[in-house]
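First the structure, in the form of structure tokens, and then the observations on it.
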Protein chains: 2
Amino acid sequence: MAQNKKNEFVRSEIELAEFAKALSHPARVAIIKAIAKRNSCICGEIVEVMPLAQSTVSQHLKELLNAGLIQGSIDGTKSCYCINSRMFEKFSKSINKLFVITQDQE
Amino acid sequence: MAQNKKNEFVRSEIELAEFAKALSHPARVAIIKAIAKRNSCICGEIVEVMPLAQSTVSQHLKELLNAGLIQGSIDGTKSCYCINSRMFEKFSKSINKLFVITQDQE
DNA sequence: TTAATTCATCGTATATTTGCGATAAACAAT
DNA sequence: ATTGTTTATCGCAAATATACGATGAATTAA
């Protein structure tokens, strides 16, 4: 954009937007689902079920990590990812809070 | 991107990603909050409380409309927007579904 | 030690998003 | 009729996101 105005907003709005952005690509939703289904996944397993190159999947994983929605640990040459339930719950609550405000008034 | 791979994914994943994308910018979260607070808003009221040009706000409103998270109606020269609770609830449930799968397995 | 495996990161091309001013379109007020 | 309001859309510039192959770094296997 010409200028970035994202910092003109309130902290909570920025945080919710960051969570939402992490899920704003089907690949990242699919990755979350894949990890959730198996409880935890090594990177290679995710790459196998994804129609994307390994480097691309790795990039999406990084974004999910940055948003805090997943956690990663290294095991030898392999990287193991799991869902960060705490963050996910926080996200879910933020969404519902928006929604509840709405319901209160109609 | 070199190629667009978004259509390689499952319908439900694409839909959730689209909802998430609608909320993936702080301005759009702020707009939702503004509308929810007053129950409904004319466009000009939203522009007033937003640190963005009128044309930019209009663009964000359009994206929220496209995602179905808000509804709009025209009243004279003014445009009135309100939350689409039904869609919002659908979104909330999709998120929770992802989350519940997670909780089931840990 | 050498070769193979696994994965993150870099560089790059292309697509999409964000933001604005200018303008158009529709109505209201004079 | 003319003028002012209100809002959507167009056209553009700049910033980000998406995707890939190539490469590097770390470990494991031979």
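Sequence lines set the chain letters: A, B, ... in the order given, protein chains first and strands last, and positions in each chain run from 1.
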Residues in residues 40-49 of chain A with a heavy atom under 4.0 Å of DNA chain D, by number, are none
With sequence neighbours left out, the residues meeting ring-ring contact (aromatic ring centres under 6.0 Å, His included) with A/Tyr81 are none
_Pairwise side-chain contact, A/Met87 with A/Phe19, heavy-atom cut-off 4.5 Å (strictly under)_ = yes
| Looking across every strand, which nucleic acid part, if any, lies under 4.0 Å from B/Ile74 by heavy atom: base, sugar-phosphate, or nothing? | nothing
Is any side-chain heavy atom of A/Ile83 closer than 4.5 Å to one of B/Leu98? no
The helix from C/dT1-D/dA30 to C/dT30-D/dA1: angle between terminal helix axes, five bp per end, to the nearest 10 degrees, reads 10°
Beyond-backbone contact of B/Ser92 with B/Lys97, side-chain heavy atoms, under 4.5 angstrom
no
Just the atom pairs and distances: protein N or O near nucleotides 22-30 of chain D's N or O, under 3.5 Å.
none

With sequence neighbours left out, the residues meeting side-chain hydrogen bond (donor to acceptor under 3.5 Å, both in side chains) with B/Ser79 are none
Sorted by chain and number, sequence neighbours left out, side chain to side chain contact (heavy atoms under 4.5 Å, CB included) with B/Arg86 holds for B/Asn84
So, is B/Tyr81 close to the D/dA8 phosphate, meaning a side-chain N or O under 4.0 Å from OP1 or OP2? yes
Query raised in the report: Under 4.0 angstrom, heavy atoms only, what part of the nucleic acid is A/Thr56 near: base, sugar-phosphate, or nothing?
Result: base
Whole-Å distance, A/Glu8 CD to C/dT18 P, equals 16 Å
Identify each donor-acceptor pair in which a side-chain atom of residues 66-78 of chain A lies under 3.5 Å from a protein atom, sequence neighbours left out, and give them as a table.
none

Sorted by chain and number, sequence neighbours left out, side chain to side chain contact (heavy atoms under 4.5 Å, CB included) with B/Glu8 holds for A/Pro51, B/Lys5
Within residues 60-69 of chain B, the residues having a heavy atom closer than 4.0 Å to DNA chain C are B/His60, B/Glu63
Report yes or no: do A/Val49 and A/Ile35 belong to one cluster of Ile/Leu/Val/Met/Phe/Trp/Tyr joined by side chain heavy-atom distances under 4.5 Å? yes
* To do: State, with a plain yes or no, whether a side-chain heavy atom of B/Leu52 is found less than 4.5 Å away from one of B/Val47.
  => no
Rounded to whole Å, CD1 of A/Ile70 lies from P of C/dC7 at a distance of 13 Å
From CD of A/Gln59 across to P of D/dC20 the rounded distance in Å is 10 Å
Hits for side chain to side chain contact (heavy atoms under 4.5 Å, CB included) against B/Ser94, two or more places apart or cross-chain, chain-then-number order -> B/Leu16
Q) Are side-chain heavy atoms of A/Phe88 and A/Lys93 found at a separation under 4.5 Å? A) no
Taking only the side-chain nitrogens and oxygens of A/Ser79, find out if one of them lies under 4.0 Å from OP1 or OP2 of C/dA8. yes
Contacts of B/Glu45 meeting side chain to side chain contact (heavy atoms under 4.5 Å, CB included) (sequence neighbours excluded), chain-then-number -> B/Arg38, B/Cys41, B/Ile42
Here the side chain to side chain donor-acceptor pair (under 3.5 Å) pairs for residues 49-64 of chain A, sequence neighbours left out, are A/Arg28-A/His60, A/Arg28-A/Glu63
Would you say B/Lys21 places a side-chain N or O within less than 4.0 Å of OP1 or OP2 belonging to C/dT16? no
Rounded to whole Å, the CZ-P distance (A/Phe9 to C/dG19) equals 7 Å
note: A/Met50, atom CE; D/dC20, atom P; distance rounded to Å ~ 12 Å
- Query: For D/dT18, does either OP1 or OP2 sit under 4.0 Å from a side-chain N or O belonging to B/Asn4?
  - Reply: no
Here the distance between atom C1' of D/dT18 and atom CZ of A/Arg28, to the nearest Å, is 9 Å
Between A/Leu52 and B/Cys80, whichever has its closest DNA chain D nucleotide further toward 5' is B/Cys80
- Message: Side chains of B/Ile95 and A/Leu23, heavy atoms from C-beta outward: is any pair under 4.5 Å?
- Response: yes
Rounded to whole Å, the CG-C1' distance (B/Asn7 to C/dT16) equals 15 Å
Here the distance between atom P of C/dT17 and atom NZ of A/Lys6, to the nearest Å, is 12 Å
Checklist entry - Taking only side-chain nitrogens and oxygens of B/Lys78, does any of them come within less than 4.0 Å of OP1 or OP2 of C/dA28? => result no
Using only side-chain N and O atoms of B/His25, determine if any of them is under 4.0 Å from OP1 or OP2 of D/dT16. no
